[in-house]
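Take a look at the structure below.
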Amino acid sequence: MDNKTRNPVIPHSSVISAIRRLLSPLAKLMLAHGITYPFLAEMLKSVLVEVAQKNFSLDQKRLTHSRITVLTGVHRQDVKRLANADDVNESLPEASSLGARMVTRWISQSEYLDQKKRPMPLPRLAAAGGARSFEALVESVNKNIRPRTILDELLRLGIVSVDDEDRVCLNAEAFIPEQGFDEKAYYFGQNIHDHMAAAVHNLLGETPPFVERSLIFQNLTPQSAAELQRLATRLGMQALQTVYRRAREVERKDASAPDNGVQISYGVYFFSAQASEPIEQQETNTSKRKPAGETP
């Protein structure tokens, strides 16, 4: 990779806009699962250091910590810590928001447990329950955020409920992952990573370019969008099945080949939502003539 041309000092505004846009759904996922900014910031440091080490070496030489700091903006002390870590995930802080820390105390401290070691329903107000109230529990973790704010967030996440006696009840099932959720999360990371990797490959002008195409249409009714979704689903499954059958054939043929270390990914997607921003007329016209963003 030619880092002199691919890593400008001043990033293109179009690249910044694109990154901000793709971060929006990711932020939605993080907030829904209690992933806070401090945790994300530490994770981002480790990813920046890892990518710099793997992709931005000079003349095939190992990057110095100072060079990585210049490339990433991560403090040299953090670079040294992360670059020398056997597993960067081990250096990340505990993924716990204020609400999660409070719940951890609720399910582990004896004063909040009944005789069967189960978390007790807690009176919502300290005036009713004293030290064994929800308010007191929140304040034992953090005195700077109102208990009502924490309660509203835990209610939104379905982690607690409030009964007829104005007691806050912990939902034990909220801590049991949805069936198949881990698998969904794995493929989420795998699929989006590969799609973004293909798009970044093309955006950086690397060759040969990968196929990365999409169609964008606006001014459709919900009924038309639903019809197109059914069509895209049917044709997408046909395409996936066709590629799958051929991939299985060549996989068996390549089983004994000495250079069979190449992995491929292929996928299709469909998304519809209320248009949040208009597309320029020229782009709209182009999308109606051919796939928008078609790789040369």
State, with a plain yes or no, whether a side-chain heavy atom of V51 is found less than 4.5 Å away from one of F56.
yes
CD-CZ distance between E249 and R245, expressed to the nearest 0.5 angstrom
9.0 Å
Does the side chain of S140 reach to within under 4.5 Å of the side chain of R105, using non-hydrogen atoms?
yes
So do the side chains of F134 and L154 get within less than 4.5 Å of each other, counting heavy atoms only?
yes
Please find the pair of heavy atoms, one from G158 and one from N171, that lie closest to each other, and give the distance.
O-ND2, 3.1 Å
Could you pull out all residues at least two apart from H193 that satisfy ring pair (Phe, Tyr, Trp, His ring centres under 6.0 Å)?
none
Restricting to pairs with a member in residues 218-243, which pass salt bridge (charged side-chain N to carboxylate O under 4.0 Å, His left out), not counting sequence neighbours?
none
Interatomic distance, CD1@I159 vs CH2@W106, rounded to 0.5 Å, equals 10.0 Å
Please name all residues satisfying ring pair (Phe, Tyr, Trp, His ring centres under 6.0 Å) with H75, sequence neighbours left out, ordered by chain then number.
none
Would you please name every residue forming a ring pair (Phe, Tyr, Trp, His ring centres under 6.0 Å) with Y269, sequence neighbours left out?
H195
Return a table of donor-acceptor pairs under 3.5 angstrom between the side chains of residues 144-151 and protein atoms on other chains or two or more places apart.
{"unit_1": "R148", "atom_1": "NE", "unit_2": "D152", "atom_2": "OD1", "d": "3.0"}
{"unit_1": "R148", "atom_1": "NH2", "unit_2": "D152", "atom_2": "OD1", "d": "2.9"}

Listed partners of R118 passing salt bridge (Lys or Arg N to Asp or Glu O under 4.0 Å), at least two apart
D114
Beyond-backbone contact of R67 with T64, side-chain heavy atoms, under 4.5 angstrom:
yes
Min side-chain heavy-atom separation R167-R124 under 4.5 Å
no
For S133 and L125, which heavy atoms make the closest approach, and how far apart are they?
CB-O, 3.4 Å
